[in-house]
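Taking it in order: structure first as structure tokens, then the write-up.
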Amino acid sequence: GLEITKLTIPASVLEIGVGAFWRCPFETLAVAEGNTEYFVKNNCLIDKTTHTLVAAFGNGTISKDFVWGGSDGKTKIFDVTSVGNGAFAYTQAESMVIPSNVKTIGEFAFAHSALKQVVIESGVKNIGAEAFYMSENLQTVSVADSVQSIGRNAFEGTKYYADKENENGIVYIGKVA
């Protein structure tokens, strides 16, 4: 069968819905010159206006702040402030650092992913509902004290969740969910 390994988002695309690329075998992603809404960094599609990481491909990682040539021709310091709903769902990365510039991890952002370990750095404030749902291999999680809310079932279906539940019969302990 035909396997598409590279995708270029046309300049005319103004909006991309949640889950648009789930389970797509793309290894690389590009955005056509002239697209005013999106750009790619570290194999992740990023919304220029909202600073939201919309979708990840291949070995996509979340960037800390970086220099970016804006559409107005001026160089800017840019950072990703949120991981969008479902952005890393069904991806194959086994380890992830969510840097301090990210404030929000969206709903089912890493659901059904292959993650084994995740570090959530200080600065992250919100973890959405089912953010790591059914990431069955996830067993090591470090959650910074800056996290103020953890959504329902954020870690349900993970080895981490099962271990915490079996540890003392309590699933929610402080910042652990």
Side-chain angles (χ1 to χ4, degrees), residues 15-22 37-39 41-57 59-68 76-177:
E15 185 176 345
I16 297 172
V18 173
F21 305 116
W22 285 356
E37 300 299 317
Y38 300 100
F39 70 98
K41 177 72 175 177
N42 294 345
N43 236 12
C44 292
L45 183 65
I46 300 168
D47 184 305
K48 294 178 184 179
T49 304
T50 65
H51 293 234
T52 299
L53 190 154
V54 176
F57 296 87
N59 61 349
T61 59
I62 305 168
S63 297
K64 292 194 178 203
D65 61 349
F66 54 90
V67 176
W68 169 66
K76 302 175 182 183
I77 300 296
F78 191 92
D79 61 351
V80 171
T81 57
S82 65
V83 177
N85 293 345
F88 283 86
Y90 300 98
T91 58
Q92 296 305 306
E94 293 184 356
S95 180
M96 184 68 57
V97 174
I98 302 172
S100 59
N101 49 288
V102 172
K103 304 304 174 213
T104 302
I105 300 169
E107 294 182 2
F108 44 89
F110 295 90
H112 300 276
S113 71
L115 284 174
K116 291 182 179 179
Q117 65 179 33
V118 65
V119 174
I120 301 172
E121 292 186 344
S122 183
V124 176
K125 294 183 179 186
N126 303 302
I127 300 173
E130 300 178 356
F132 297 90
Y133 180 77
M134 296 306 293
S135 294
E136 296 174 345
N137 296 322
L138 184 60
Q139 53 190 336
T140 305
V141 179
S142 174
V143 180
D145 285 338
S146 63
V147 172
Q148 297 171 358
S149 70
I150 299 175
R152 68 174 160 56
N153 303 327
F155 294 94
E156 186 175 353
T158 68
K159 183 168 179 6
Y160 172 75
Y161 183 91
D163 286 352
K164 291 298 175 192
E165 185 175 43
N166 293 332
E167 191 174 277
N168 55 14
I170 299 172
V171 176
Y172 295 92
I173 309 168
K175 303 284 187 207
V176 176

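Note that this is a predicted model, so its numbers are computed, not measured.
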Asp79 and His51 have their tightest heavy-atom pair at O-ND1, 2.7 Å
- Query: Just by modelled atom types, is the Phe57 backbone N or O under 3.5 Å from a matching donor or acceptor in the Asn43 side chain?
  - Reply: yes
Trp22 side chain vs Phe88 backbone, donor-acceptor pair below 3.5 Å
no
Next item on the list: For Asp47 and Thr52, run side chain to side chain donor-acceptor pair (under 3.5 Å): C-alpha distance rounded to whole Å, both residues' side-chain angles, the deciding distance at 0.1 Å, then the answer.
Entry: CA-CA 5 Å; Asp47 184 305; Thr52 299; over 6 Å; no
For Ala109 and Gly84 the tightest heavy-atom approach is CB-O, 3.7 Å
Separation between CD1 (Ile46) and OG (Ser63), nearest 0.5 Å, reads 5.5 Å
Taken to the nearest 0.5 Å, the spacing of Phe39 CZ from Phe78 CZ works out to 4.0 Å
For Ala131 and Ile105, the nearest pair of non-hydrogen atoms, with its separation, is CB-CG2, 4.1 Å
Check your understanding: Would you say the side chain of Val83 lies within less than 4.5 Å of the side chain of Phe110, judging by non-hydrogen atoms?
Key -> yes
Of Thr158, Leu138, Thr140, the one forming a side-chain contact (heavy atoms from CB on, under 4.5 Å) with Val118 is Leu138
Original post:
Val147 versus Ile120: any side-chain heavy-atom pair under 4.5 Å?
Top reply: yes
To the nearest 0.5 Å, atom OG of Ser135 lies from atom NZ of Lys116 at 13.0 Å
Glu37/Lys48 ion pair, N-O < 4.0 Å = no
**Request:** Could you check Lys159 against Glu136 for salt bridge (charged side-chain N to carboxylate O under 4.0 Å, His left out), going step by step and ending with a plain yes or no?
**Result:** CA-CA 6 Å; Lys159 183 168 179 6; Glu136 296 174 345; over 6 Å; no
_Does any part of the side chain of Leu115, heavy atoms only, come nearer than 4.5 Å to the side chain of Asn137, both counted from C-beta?_
no
dist Ser82:OG -> Asn101:CG (nearest 0.5 Å) comes out at 10.5 Å
In this structure, OG1 of Thr61 is separated from CE of Met96 (nearest 0.5 Å) by 7.0 Å
Applied to residues 101-111, the salt bridge (Lys or Arg N to Asp or Glu O under 4.0 Å) test, sequence neighbours excluded, yields none
Residues Ala56 and Cys44: closest non-hydrogen pair is CB-SG, 3.9 Å
query: Side-chain contact, heavy-atom cut-off 4.5 Å: Arg152 with Glu130?
result: yes
Is it the case that the side chain of Ser146 and the backbone of Gly123 share a donor-acceptor pair, with hydrogens and angles ignored and the cut-off at 3.5 Å?
yes
>> With no hydrogens and no angle check, just 3.5 Å: does a side-chain donor-acceptor pair link Asn126 and Ser149?
In response: yes
Rounding to 0.5 Å, atoms CZ (Phe155) and CD1 (Ile127) come to a distance of 4.5 Å
Report task. Could you check Val141 against Phe132 for side-chain contact (heavy atoms from CB on, under 4.5 Å), going step by step and ending with a plain yes or no? Result -> CA-CA 11 Å; Val141 179; Phe132 297 90; over 6 Å; no
Practice prompt. State, yes or no, whether a side-chain contact exists between Lys64 and Glu121 at a heavy-atom distance under 4.5 Å.
Written response: yes
